[in-house]
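For the numbers below, each heavy atom of this structure counts, side chains included, while hydrogens, waters and symmetry mates do not. Per chain, numbering begins at 1; letters A, B, ... match sequence-line order.
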There are 2 protein chains.
Amino acid sequence: MARKAVTPPVRGSRSGRPIMVLLDALGQRWTLRILWELTPGPLSFRDLRERCDQVSPTVLNGRLKLLREMALVEREEGAGYRLTPQGQELGVRLLDLNHWAEHWARD
Amino acid sequence: MARKAVTPPVRGSRSGRPIMVLLDALGQRWTLRILWELTPGPLSFRDLRERCDQVSPTVLNGRLKLLREMALVEREEGAGYRLTPQGQELGVRLLDLNHWAEHWARD
DNA sequence: TCTTTCGCTACGGAAAGTGTAGCGACCCGA
DNA sequence: TCGGGTCGCTACACTTTCCGTAGCGAAAGA
């Protein structure tokens, strides 16, 4: 498919629209979950893995790499991984989503 | 989710927390994109597929089935697929996300 | 030195996604 | 009444991604 792509790895869409880049990244399994688990505070690689239902380290590392490239997550010596300020802004949206989900579950 | 009842497999998490169900569903490829493409208005199966970079009909149908079970999307005779009121609430959040993404892209 | 914990990688098997072809139902104009 | 077009959707073989487990090298105590 074309998604193997020409040059750049944005994979999901060649439109370049930021939302597409975002949707595509968030649409990979565990990405949203990882952000969610990091919103309360920093976590070590292993702890983060545990929170995410023991997701395989291969995938976790891949996602963290992606999220770091997107400047949503960063690694801090000693404290493990944490959201960047930009990542926290996204986290706020996730919290809102959580709020909505609670309500949605009572349909 | 509670809606899908007891036994099976929300796949991502056994916690039952709605946000987990949601994150898991949205974390499947194309799910977020499909919701996004439906926010402006209803689309036929084929049109929707075209908007989603010609995603394979197999996957598209699978996602639509899931989204319908989650009561986020419904099919209307003649008009194709469209968001339910609940789906539209989610769409609002996606629009907000879009707004943020535009800003985020200028990092 | 021995042990523990850290982030992270290797690798083989399993699952999910992809691309193409095409079916049955429906409509519409000839 | 016969194509020809569109609709939603499925079948199926192929490819990519993901998973689960094992384990490495480094660092930090004991």
field: Interatomic distance where CG belongs to B:Leu32 and P belongs to C:dG17 [whole Å]
entry: 13 Å
- prompt: How far apart are the C-alpha atoms of A:Asp53 and A:Arg33, what are their side-chain angles, what is the distance that settles it, and do they pass the salt bridge (Lys or Arg N to Asp or Glu O under 4.0 Å) test?
  reply: CA-CA 10 Å; A:Asp53 296 338; A:Arg33 175 71 173 269; 3.6 Å; yes
message: Treating B:Thr39 as the side-chain partner and B:Gly91 as the backbone partner, does any N or O pair qualify as donor plus acceptor under 3.5 Å?
response: no
Atom pair distance, as rounded to whole Å: CD in B:Glu50 and C1' in D:dC7: 14 Å
- prompt: Looking at the side chain of A:Phe45, which of C:dG7, D:dC7, C:dA16 is the nearest nucleotide?
  reply: C:dG7
- prompt: Crowded around A:Arg93 CZ? As in, over 12 foreign heavy atoms under 6.0 Å?
  reply: yes
field: Separation of atom CG in B:Asp47 from atom C1' in D:dG8, rounded to whole Å
entry: 12 Å
- request: For C:dT18, take OP1 and OP2 only and decide whether either is under 4.0 Å from a side-chain N or O of B:Trp30.
  value: yes
task: Salt-bridge test for B:Glu74 and B:Arg82: reply yes if a basic N is under 4.0 Å from a carboxylate O, no otherwise.
output: yes
- prompt: Can you check whether A:Met70 reaches A:Gln86 side chain to side chain, under 4.5 Å on heavy atoms?
  reply: no
field: Contact state string [nucleotides 20-30 of chain D, B base, S sugar-phosphate only, - no protein heavy atom under 4.0 Å]
entry: BBB--------
query: Do any of residues 59-80 of chain A sit with a heavy atom less than 4.0 Å from DNA chain C, and if so which?
result: A:Asn61, A:Arg68, A:Arg75
message: Can a donor-acceptor pair be found, under 3.5 Å and without considering hydrogens, that links the side chain of B:Arg75 to the backbone of B:Arg68?
response: no
Whole-Å gap separating P (C:dG7) and CZ (A:Arg82): 15 Å
task: Look at atom CZ of A:Arg51 and say whether more than 12 heavy atoms of other residues, nucleotides or ligands are closer to it than 6.0 Å.
output: no
task: Would you check if A:Lys65 and A:Glu69 make a side-chain contact, meaning some heavy-atom pair closer than 4.5 Å?
output: yes
